[in-house]
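See below for the structure under consideration.
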Amino acid sequence: MRDRRVGVLWSAFALLAAGSSVLVTLRPDRLSDLHIYRGALLHLHAGRPLYEFVAENGGPFTYPPFAALVLWPVTAAPEGVVQGAWLVLTCLAVVAIAVPVGRVLADGSRRRLVVPAVACALMLSAPVQSNLRFGQVSVFIVLLALLDGTGLTPARLRGVLVGVAAAVKLTPLLFVVYFLVTGRYRDAGRAVATFLACAALGAAVLPAESGTYWTEALRNTSRIGNLASLGNQSVHGMLLRLGLDPASLPLLWATLVAVVCAVALLRARHLAAHGRPGHAAVLVGCATVAASPVSWTHHQIWPVLAAMLLIGADGVARRVAGAALLVTMVVSLGVALRPVSPTSGTQFLLENARALGVGALCLAGFGGAALAVAGADRRAPAARGWLRLGTTAALAVAFFAVQPLPAGADPTFKAYALSDAGNPRYFFVCRGALECAAYGTDAPVTFGVRRERTKVRLNGVVSPAVARLEYHSAPGGAPRVIPLLAPHPGPRTFSFRSATMAHGRLVAYAADGRPIATYDEELAAAFDVSAARRNGGSPAGP
C-alpha cells in the first residue's frame, strides 16, 4: 500500500524548492557567485587574465583553472537561462545528497519516507539556502565527495569523484587521507591521480592562469573576502574574531586543525570498520569545514548531514545534540538571540555556534560521547542522559558567559579610502572644502549617520587635534583603525559602514596616544534617529 506521507513530503520539498528559487530570483543580487563565474570566463574568453577579473561587487574568481573548464558551459546561454538551470540543478543535487543519507538512516520501506524528509531539512538549512542564493558550486562538491566516501560509486571508480571535486575546490583532499587510514589505498591512488590529471588538464589548456593560481592566487587569501566575518565558521575564522596576536595565530590554528583532523580521522576509521561508512564520510566532511581557512555558510552542508545522522541515532544525548546542531544550521543564533544576549561572551558563543558545533562533532564523533556526553545510549536511563546533557550544556554556557570575549566581527564593516571620497553615498556630511571647514572647528569629531536596509554608514570630519580614530563594533571587540583622509584642503574626513552602531564606540586619539574623545551613546542615539528617517545624515556633535 502506498504511503501517503511520502507524497506529502515530496510535495513539501517541491514547494520549498520552488519557493526558495522564486525568492532568489527576486533578489537584486541573485546568484552573485554564478555571475562571477560567468563574468570571469567571459573575461578570459576576451583574452584577458582570469585572475585579474573583478566583478561589480568586488568578487574575483578564486578556484583553480580546472574549475574554469568545468564551469565553461555557463557562458553558452543567456545569463537568465543559466541562472534558472543552475537553481534546478542545485535542487536536484539536494535530492541526490538526501538519498545516501536516507540509506544510512533507514532501510526497506521506511527509507522511502526518510529520503524526502532529509531533503526537506536540507532545503530549510542555511547552507543550502546560501547555495541557492549565491549560485554556488559547494553543494555539488559535497555530493561528489559523499558518493565516493560512502562507497556508493563502482569499486573500480572509487576515488575518482573525490579527485574531481578536489580539482575544483581543494578541501576534499582530506578524503584522500581518510582513504589511507581506512586501508582504501587504491581509492586514495585513484583520487590523487585524478586530481593531478585534472590539474594537468587545466595547465595544458590554461598555462598562464595555472601558473598564476598555483604560485600567487592560492596564497592570497584576501581575494576570498574578510576571513574574520561571521560567515566564516571555520576554526581559523573563530580565532580571527578572538583578536589573537597575528604572530601566534598561525601556530595555534595549525595545532588546533591538526588535533581536530587527527581525532576526526581516527573516529572515522573506527566508524568505517564497524560498518558505518556513511557516518565516517560525513565526519570527514565536517573536518574539512572545521579545518579549512575559510568555511562560508554555503560550505557547511556537512554539519547539516551530521545533525540528521545524530537525530536518527539511538540515545537521548545523540538526538538532542543532533537537534541542537540542526537548529544552529537553520537559524543564525547570533542574530536571533542578540537582543537577549546578556554578555559579550554569550554573544560570542552564539555567533560562533556553528564553528563550535562542528569542532565538537569532529572530536566526539557519532559515538556514545556525542558532544561530551558519554554513555547516554539506549542502555542508559533516559533521565540520566538528560541530566548529563543538561549539565554539560549549562557548564558550557556558563563558561562563555563569564569570559571577556569579543562579540565577534562585523561582516559588513568597511572603512572607505581616498579613492571613494567622491561618492556621495559614502561621504555625505560635507562634499567640498568650504562645507567641511564649517564642521571641523570645536569638536574633535563631527559626524552624521545614514541607515540602510542591511547596514549603517557613518561619515564625518575630525579636528587637527585628532591623530588616530578607532571604532569598536561591539563590547570587547578588537578596534578598527579608521583612515583619516584629506581629499581637499581643510579638515580631514572619514567614512565607514557597519551592520549596526547600537553598541558601537568611536574613540579619537591625540598624537601622544591619549584618548581625547569617546562617542558611544551619541552613536546609539544617531542610530535610533536614522532608523526613523528615509535618508538621515544630519551632523551630530559630542
Nearest non-hydrogen partners of [X] and [Y], listed with the distance:
{"X": "G149", "Y": "R184", "value": "O-NH1, 3.1 Å"}
{"X": "V289", "Y": "P303", "value": "CG2-CD, 4.2 Å"}
{"X": "I311", "Y": "A323", "value": "CG1-N, 3.6 Å"}
{"X": "L283", "Y": "L271", "value": "CD2-CD1, 4.1 Å"}
{"X": "P172", "Y": "I141", "value": "CG-CG2, 3.6 Å"}
{"X": "L132", "Y": "S21", "value": "CD2-OG, 4.4 Å"}

Is a side-chain donor or acceptor of [X] paired with a backbone partner of [Y] at a separation under 3.5 angstrom?
{"X": "N232", "Y": "W296", "answer": "no"}
{"X": "S210", "Y": "A203", "answer": "yes"}
{"X": "R354", "Y": "T328", "answer": "yes"}
{"X": "N352", "Y": "L349", "answer": "no"}
{"X": "R158", "Y": "G151", "answer": "yes"}
{"X": "Q129", "Y": "M123", "answer": "yes"}
{"X": "R112", "Y": "V6", "answer": "no"}

Side-chain heavy-atom pair [X], [Y] within 4.5 angstrom cut-off:
{"X": "V449", "Y": "N459", "result": "no"}
{"X": "V139", "Y": "L143", "result": "no"}
{"X": "T25", "Y": "L87", "result": "yes"}
{"X": "F66", "Y": "V205", "result": "no"}
{"X": "R497", "Y": "L458", "result": "no"}
{"X": "C120", "Y": "L16", "result": "yes"}
{"X": "L418", "Y": "P487", "result": "yes"}
{"X": "Y37", "Y": "L31", "result": "no"}

Run V358 and V260 through side chain to side chain contact (heavy atoms under 4.5 Å, CB included) and show every step you take.
CA-CA 10 Å; V358 174; V260 168; over 6 Å; no
Any chance you could measure [X], atom [atom1], to [Y], atom [atom2], to the nearest 0.5 Å?
{"X": "L71", "Y": "R38", "atom1": "CG", "atom2": "CZ", "answer": "12.5 Å"}
{"X": "S125", "Y": "L326", "atom1": "OG", "atom2": "CG", "answer": "8.0 Å"}
{"X": "L201", "Y": "L196", "atom1": "CG", "atom2": "CG", "answer": "12.5 Å"}
{"X": "L361", "Y": "R267", "atom1": "CG", "atom2": "CZ", "answer": "9.5 Å"}
{"X": "S292", "Y": "K169", "atom1": "OG", "atom2": "NZ", "answer": "8.5 Å"}
{"X": "R457", "Y": "K414", "atom1": "CZ", "atom2": "NZ", "answer": "9.0 Å"}

Distance-only criterion, 3.5 Å: show the donor-acceptor pairs between side-chain atoms of residues 89-102 and protein atoms not counting sequence neighbours.
{"from": "T90", "atom 1": "OG1", "to": "W86", "atom 2": "O", "distance (Å)": "2.9"}

Does F53 form a side chain to side chain contact (heavy atoms under 4.5 Å, CB included) with I36? I'd like the steps, not just the answer.
CA-CA 9 Å; F53 171 79; I36 292 174; 4.2 Å; yes
My understanding is that only residues two or more places apart in sequence, or in another chain, count here; which of them pass side-chain contact (heavy atoms from CB on, under 4.5 Å) with L206?
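Counting only residues at least two positions away or on another chain, L206 forms a side-chain contact (heavy atoms from CB on, under 4.5 Å) with L44, P65, A68, L69, E209.
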Non-neighbouring partners of L144 that pass side-chain contact (heavy atoms from CB on, under 4.5 Å), sequence neighbours left out
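For L144 the side-chain contact (heavy atoms from CB on, under 4.5 Å) partners, ignoring immediate neighbours, are L161, V164, A165.
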Should L105 and V118 be marked as a side chain to side chain contact (heavy atoms under 4.5 Å, CB included) after you check the CA-CA gap, both sets of side-chain angles, and the distance that decides it?
CA-CA 10 Å; L105 289 172; V118 170; 3.9 Å; yes
For F427, ring-ring contact (aromatic ring centres under 6.0 Å, His included) partners two or more places apart
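ring-ring contact (aromatic ring centres under 6.0 Å, His included) list for F427, sorted by chain: empty.
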Could I get the full list of ring-ring contact (aromatic ring centres under 6.0 Å, His included) partners for F134, not counting sequence neighbours?
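Expected list: none.
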Measure up the F61 and Y63 rings against each other and bin them: parallel (under 30°), tilted (30 to 60°), perpendicular (over 60°).
perpendicular
Could you work out, with salt bridge (Lys or Arg N to Asp or Glu O under 4.0 Å) as the rule, every residue matching R425, not counting sequence neighbours?
E452
Can you name the salt bridge (Lys or Arg N to Asp or Glu O under 4.0 Å) partners of R133, sequence neighbours left out?
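Partners of R133 by the salt bridge (Lys or Arg N to Asp or Glu O under 4.0 Å) criterion, ordered by chain and then number, come out as D29.
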Using the side chain to side chain donor-acceptor pair (under 3.5 Å) criterion, which residues pair with [X]? Sequence neighbours excluded.
{"X": "R5", "answer": "D3"}
{"X": "R190", "answer": "D187"}
{"X": "H236", "answer": "none"}

Taking ring-ring contact (aromatic ring centres under 6.0 Å, His included) as the cut-off, I'd like each qualifying pair that reaches into residues 155-192, sequence neighbours left out, listed once.
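Listed by first then second residue: F175-W302.
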Taking it one step at a time, do V162 and T194 satisfy side chain to side chain contact (heavy atoms under 4.5 Å, CB included)?
CA-CA 8 Å; V162 162; T194 303; over 6 Å; no
Residue pair F496, Y471: steps toward the ring-ring contact (aromatic ring centres under 6.0 Å, His included) verdict:
CA-CA 9 Å; F496 63 92; Y471 175 67; 4.7 Å; yes
Show the numbers, then the answer: is there a side chain to side chain donor-acceptor pair (under 3.5 Å) between H298 and S130?
CA-CA 5 Å; H298 53 77; S130 183; 5.3 Å; no
Could you pull out all donor-acceptor pairs under 3.5 Å where a side-chain atom in residues 72-84 meets a protein atom, sequence neighbours excluded?
{"from": "T75", "atom 1": "OG1", "to": "W72", "atom 2": "O", "distance (Å)": "2.8"}
{"from": "E79", "atom 1": "OE2", "to": "H35", "atom 2": "ND1", "distance (Å)": "2.7"}

Indicate whether the side chain of D33 and that of Q136 have a donor and an acceptor atom separated by less than 3.5 Å.
yes
Using distance alone, with no hydrogens and no angle criterion, decide if Y426 and R450 have a side-chain donor and acceptor under 3.5 Å apart.
no
Are Y51 and Y213 an aromatic pair, judged by ring center distance below 6.0 Å?
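Distance test on ring centres: under 6.0 Å, yes.
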Determine whether more than 12 heavy atoms belonging to other residues, nucleotides or ligands lie under 6.0 Å from atom CZ of R269.
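No, not enclosed.
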